[in-house]
Each structure stands twice: as structure tokens, then as C-alpha cells.
Amino acid sequence: MLDLKFIRSNPDTVKLAARNKGEKVDIDKILELDKKRRDIIGEVEKLKSERNVATAEIARLKKEGKDASGLIAEMKKLSDRISGLDDELRETETEINEKLLWVPNIPHESVPVGKTDDDNVEIRKWGELKSFDFKVRPHWEIGEMIGGLDIPHGAGVSGSGFYFLAGPLAGLERALINFMLDLHTREHGYSEACIPYLVGESAMRGTGQIPKLKEDMYQIEGDGLYLIPTAEVSLTNINAGEILPPGSLPKKICAFSPCFRREAGSYGKETRGIVRVHQFHKVEMVKIVEPETSYNELESLLENAERVLQSLDLPYRVRVLCTGDLSFAAAKCYDIEVYAPGMDSWLEVSSCSNFEDFQARRMNLRYRPDKGAKPIFPHTLNGSGVALPRTVAAILENCQTKDGQVVIPETLRPYMGGMDRIGK
RNA sequence: GGAGAGGUGGCCGAGCUGGCUGAAGGCAGCUGCCUGCUAAGCAGUUGAUGGGGUUAAACUCAUCCCCGGGUUCGAAUCCCGGCCUCUCCGCCA
């Protein structure tokens with residue numbers, strides 16, 4: 001959420017940002033409502049001030065045993081007017097807030113202006129694309145060959161977009177989770193958290209999934225809860241509504257969680273295999289930091305995520321998203337895409353974003369820089385470190401052998417009881 | 001799920017037979033003073049949001065005692081709904 005005062009004094013900046021992001025919002029309508037709101041406030045507060053004076057007078061008269069009925073009758077009328085104006089004010093504010101929730105964050109000046117995925121700019125590549133002296137297979141074929149990737153039964157139990165992992169492949173999944181958490185907690189300075197997977201509507205609003213992306217969320221009927229699409233929601237909202245004390249930033253937390261996404265409207269795209277599913281596991285990193293430091297923190301967050309792929313020796317590229325591909329709440333975002341030779345495509349396994357104070361404002365998360373200082377909105381960031389199914393797919397495809405085995409990356413072997421390959 | 005109790009400022013804790021109570025008292029914090037040092041003591045001070053105002057402050061007005069409604073000239077105080085916490089019972093990994 002943007003600061004209403006900022007919108008008031010920089011309407012053109014906000015309009016341009018929305019246009020570059022491909023969002024339609026009526027800023028002028030918001031400004032008009034804001035004007036109306038301030039007019040009402042001026043009037044209603046004047047009346048309340050009058051009432052406060054009269055009320056004290058009534059109290060005094062009564063104490064002295066004098067008659068106050070005339071004044072009381074007068075105040076009754078005044079109070080009616082006040083409550084009428086209060087209603088109107090409340091309605092106006094509700095309307096403004098509702099509209100503010102639909103105003104996207106402003107892209108950072110370093111973000112390239114563009115429309116689609118094609119306008120994203122590659123920052124760097126890491127690792128060698130391996131050459132194979134046999135016909136490389138996509139991960140779903142390898143998964144079937146070595147056993148353990150069971151998509152049909154997932155579909156049978158839960159519908160399309162769900163799958164089972166079994167045996168050593170399930171072990172690979174668990175090894176990856178443990179490895180990533182160990183890396184981030186032991187070497188990157190994050191503290192580990194176990195988090196709620198079901199969250200309330202206010203948390204979803206806080207990080208920006210609601211209202212705009214509501215259709216993509218699984219909702220629990222009857223309880224008003226949502227299944228998290230990412231651990232970001234629980235982690236970033238952890239101190240929502242609070243004022244963090246001096247010295248408490250930066251706060252760096254990571255967590256493993258399942259992620260649930262309806263993927264509404266994306267059928268037909270990338271549906272083979274396990275690169276687009278309704279439920280997957282992910283290790284997520286979240287930072288809450290002082291505003292001046294947030295862009296440095298974004299770079300180190302990105303490095304933390306890259307380390308995962310480097311340790312696994314998987315080639316990847318990093319791209320900075322253009323304005324049109326940037327998500328609603330983000331000011332800047334890097335995607336990390338791992339190369340999958342079987343599919344001959346780059347799979348997004350991490351998004352590292354800086355939201356500046358957009359989320360903090362929505363969830364009223366504040367920070368007091370020094371004792372006695374005014375609270376400010378901290379900046380929030382998050383990045384996947386990294387998403388599992390696509391990483392598993394990339395391992396299967398990059399580490400496959402001619403005779404249909406998969407060589408386990410050395411880093412993971414200690415996590416798999418020393419096992420060095422999967423397959424017959 | 002059933003039965004009770006409760007949610008007040010950074011913390012503890014009064015007020016809750018409605019009226020200078022944004023809120024006593026205490027602790028913590030800050031600023032002076034004082035005392036060889038420390039401790040103690042004395043005086044003062046310390047919340048948030050929004051409107052107006054200012055280059056910025058100062059200043060000023062309104063609102064805020066879990067949240068949302070209601071009663072009333074006036075509510076932290078009374079009434080209704082919700083959320084959360086605690087205790088006991090039931091259930092359960």
C-alpha cells in the first residue's frame with residue numbers, strides 16, 4: 001500500500017508506475033475521495049470540539065445542581081449531526097482504503113521498463129550447460145525410469161497438479177530441504193522458523209495476495225482461512241501491527257513450508273511433469289530491514305539463493321524483471337532460473353524481491369530506529385531459497401546418465417546416507 | 001465442543017455505582033540537581049493515528065483503555081456481537 005500523502009503529492013509518479021506495471025487504477029478518484037475525506041474531517045472535528053466544551057459545561061451545571069436541559073437538547077441535535085458526518089467519513093475512508101489496496105507498488109528506478117517476460121534483462125549466468133552424448137530425457141521420463149515419481153496417482157487422489165514422490169526420490173526431496181535450511185541458518189545468518197500454513201485474511205492482505213490475487217488462493221470454507229501460497233505470508237506478517245524496538249533490525253528468518261496455489265488460468269502452460277503444480281515445498285527467506293539498507297539486502301538475498309544452486313552445481317541465470325512482469329507488491333525483483341536440459345528450458349526456482357515499505361504499510365508493521373524516535377515503516381524482502389519440484393526436476397535432468405540413472409549431487413549425499421545415485 | 005475468568009500506556013497495575021481520566025500508583029527510560037565513586041534521594045519528562053499549521057519545528061484540534069456496533073448531551077466505565085488469552089471438563093496427534 002502506498003502512502004496516501006505520497007499519492008496526493010506525486011499523482012503522476014503513481015499513475016506512471018501503475019501504467020508500466022500494466023495495472024488499471026483510478027488515482028484521480030482516490031484523490032477526489034481524499035479531498036472529500038479531509039473536508040469532512042475538518043467539519044466534524046470542529047463540531048466535536050464544540051460538543052466537548054458543552055459537555056464539560058453540562059457536567060459543571062449538574063454538579064452545581066443547576067438546570068442543563070436547554071444545553072442538553074442543543075447537544076442532542078449537534079450529536080445527531082456529528083454521527084451523520086461520522087458515518088459519511090467512515091464510508092469515505094472505507095472506500096479509499098479499498099481502492100488503495102488495488103494500487104500497485106512503484107518500481108525502483110533501476111527496474112527496466114517493459115511489458116512481458118521477453119523484456120526481462122539477464123544479469124548473469126552461472127555454470128556450464130552440460131553436453132550429453134545421448135538423448136536427454138525430460139524429468140517425468142527419468143522419474144518413471146528410476147521410479148518414485150508418481151503423477152498418475154497424485155491426479156487420482158487429488159486431481160491434476162498433484163503427485164507422489166516415493167522411495168529415494170522422496171528422500172532426495174527431504175535431503176534438499178535439510179540442506180537448504182542448514183545452509184541458510186548456518187552460513188547465511190537466518191534464524192529458522194516453523195510456521196502456520198493456514199492464515200487469516202488480514203495476513204493475506206498484508207503481504208498483498210488479497211485482494212488482487214485472491215482467485216489464486218485456496219480458501220478454507222467455514223473458517224475464513226487461506227492455505228499459504230508461500231511461507232512469505234506467515235513470515236512477513238509475524239510482527240504485523242507491532243512497533244519493533246530499536247536494534248531489532250535487520251531481522252532474517254527462513255522457513256520450510258508447503259505452498260498451495262490454484263494456478264487459476266494457467267492451464268495448458270508448462271503442465272507436463274512437476275514444474276507447475278498446486279502443492280509444492282519451498283524454503284523461503286524473509287528479511288525485515290531498515291529502509292536505507294534494503295537494496296543492499298536484496299543483493300545479498302539473491303546471493304544466498306544462488307548459493308543453493310551453486311552448491312548443487314546446477315547451471316542457472318539471473319534476470320531482473322521488467323516493470324510489466326514485476327508483481328503487484330514488489331518494487332524490484334530478480335528471478336533465478338535453473339537450466340533443465342531435458343525440457344531445454346529455464347525454470348524459475350526463486351524470486352528475490354524488495355517490497356520497500358509497501359507490505360509493512362499494509363500490515364502496519366513499524367520500527368522505532370532509536371529510543372524516543374518516531375516509528376517508521378521498515379522495508380520487507382523475500383526470496384525463495386529455493387522451490388523444490390523444479391529443483392528436483394533440474395537435478396533429474398542435469399544429473400541423468402545414459403543408462404537411466406541419476407547421480408546425486410555430492411552436497412546432498414551426506415543427507416541421503418551416503419547414497420550416490422538413484423536408479424537400477 | 002461444554003463451564004467459568006479476563007483483555008487498560010514499554011511493562012506491572014488502579015479505575016469499571018457514566019462527567020477536566022490519555023487515563024492514579026509503581027517499575028523501566030530520558031533530562032536536570034545533588035552526593036568522593038556506586039547505590040540512594042529531589043524535581044521535571046517520556047504513547048499512537050489523523051486534520052490544520054510550519055521550510056522544519058513550535059503550536060493547535062480530533063480520535064484511541066482488544067476489535068466492531070448500540071444506549072447517552074457525554075462511555076475505559078452500561079448493552080450486544082466478534083476475536084484472543086487463562087482455568088476446569090470433554091476430545092485428540
Side-chain angles (χ1 to χ4, degrees), chain A residues 1-10 30-101 194-206 210 219-226 234 237-249 251 258 357 360-378:
Chain A
M1 179 155 69
L2 298 179
D3 186 4
L4 188 53
K5 284 183 207 146
F6 179 85
I7 299 177
R8 199 185 294 153
S9 42
N10 305 280
I30 291 175
L31 292 176
E32 182 192 317
L33 288 167
D34 176 49
K35 175 74 170 61
K36 181 180 171 193
R37 164 179 164 270
R38 284 186 295 158
D39 287 346
I40 298 173
I41 286 174
E43 195 179 346
V44 78
E45 290 194 348
K46 201 180 93 215
L47 297 181
K48 280 183 180 173
S49 184
E50 274 176 39
R51 183 177 68 184
N52 286 343
V53 172
T55 271
E57 178 67 9
I58 290 169
R60 195 182 60 83
L61 289 174
K62 287 220 169 183
K63 211 171 196 175
E64 293 172 2
K66 292 180 185 163
D67 175 54
S69 55
L71 201 48
I72 288 178
E74 219 175 286
M75 284 310 105
K76 193 168 172 57
K77 277 190 233 159
L78 185 65
S79 279
D80 284 347
R81 272 189 71 195
I82 290 176
S83 67
L85 284 171
D86 265 341
D87 287 347
E88 202 180 338
L89 180 61
R90 193 167 37 239
E91 281 163 26
T92 309
E93 288 185 333
T94 304
E95 203 178 341
I96 292 173
N97 287 334
E98 174 59 31
K99 291 198 182 311
L100 278 179
L101 289 176
C194 287
I195 60 161
Y197 304 149
L198 288 167
V199 300
E201 175 151 344
S202 64
M204 293 290 261
R205 201 181 307 116
I210 284 181
Q219 196 167 354
I220 307 298
E221 232 172 289
D223 295 292
L225 293 170
Y226 294 82
S234 303
N237 276 288
I238 191 167
N239 295 115
E242 299 177 14
I243 301 176
L244 300 171
S248 54
L249 301 187
K251 198 168 167 154
D357 65 6
R361 207 179 281 283
R362 281 169 93 97
M363 65 181 70
N364 198 25
L365 165 66
R366 285 169 299 166
Y367 165 65
R368 199 185 301 280
D370 292 295
K371 273 180 191 163
K374 283 242 165 213
I376 58 168
F377 291 107

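The sequence lines fix the lettering, A, B, ..., with proteins before strands; numbering per chain opens at 1.
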Not counting sequence neighbours, which residues clear side-chain hydrogen bond (donor to acceptor under 3.5 Å, both in side chains) with A:Thr94? List them please. none
With sequence neighbours excluded, residues passing side-chain hydrogen bond (donor to acceptor under 3.5 Å, both in side chains) with A:Glu32: none
Got a sec, which residues hit side-chain contact (heavy atoms from CB on, under 4.5 Å) with A:Arg8, two or more places apart in sequence or on another chain? A:Leu4, A:Lys5, A:Leu31, A:Asp34, A:Arg37, A:Arg38
Whole-Å gap separating P (B:rU72) and CG (A:Leu71): 17 Å
Only counting residues at least two apart or in another chain, list the ones meeting side-chain contact (heavy atoms from CB on, under 4.5 Å) with A:Pro375. A:Ile243, A:Arg366, A:Arg368
Taking only residues two or more places apart in sequence, or in another chain, which ones meet A:Ile376 in a side-chain contact (heavy atoms from CB on, under 4.5 Å)? A:Pro291, A:Tyr367, A:Pro369
State which residues pass side-chain hydrogen bond (donor to acceptor under 3.5 Å, both in side chains) with A:Glu91; sequence neighbours excluded, sorted by chain then number. none
Taking a pair to mean Watson-Crick or G-U wobble geometry with both distances below 3.5 Å, B:rA5 pairs with B:rU85
side-chain hydrogen bond (donor to acceptor under 3.5 Å, both in side chains) filter on A:Asp39, not counting sequence neighbours, yields A:Lys35
Near RNA chain B, counting only heavy atoms under 4.0 Å, which residues of residues 74-81 of chain A show up? A:Met75, A:Lys76, A:Ser79
Can we say A:Glu50 and A:Lys46 salt-bridge, meaning some charged N sits less than 4.0 Å from an Asp/Glu carboxylate O? no
Could you state the CD-P distance from A:Glu242 to B:rG10, rounded to the nearest angstrom? 12 Å
Rounded to whole Å, please give me the gap between CG in A:Asp223 and P in B:rC84. 11 Å
Taking side-chain contact (heavy atoms from CB on, under 4.5 Å) as the definition, give me every residue that meets it alongside A:Pro245, ordered by chain and number, with sequence neighbours left out. A:Ser248
Under 3.5 Å, N/O pairs linking protein and nucleotides 20-24 of chain B:
none

Under a 4.0 Å heavy-atom criterion, the protein footprint on nucleotides 47-64 of chain B, written with B, S and -, is -SSBSS--------BBS-
What pairs meet the salt bridge (charged side-chain N to carboxylate O under 4.0 Å, His left out) rule with one or both residues in residues 69-81 of chain A, with sequence neighbours excluded? A:Glu43-A:Arg81
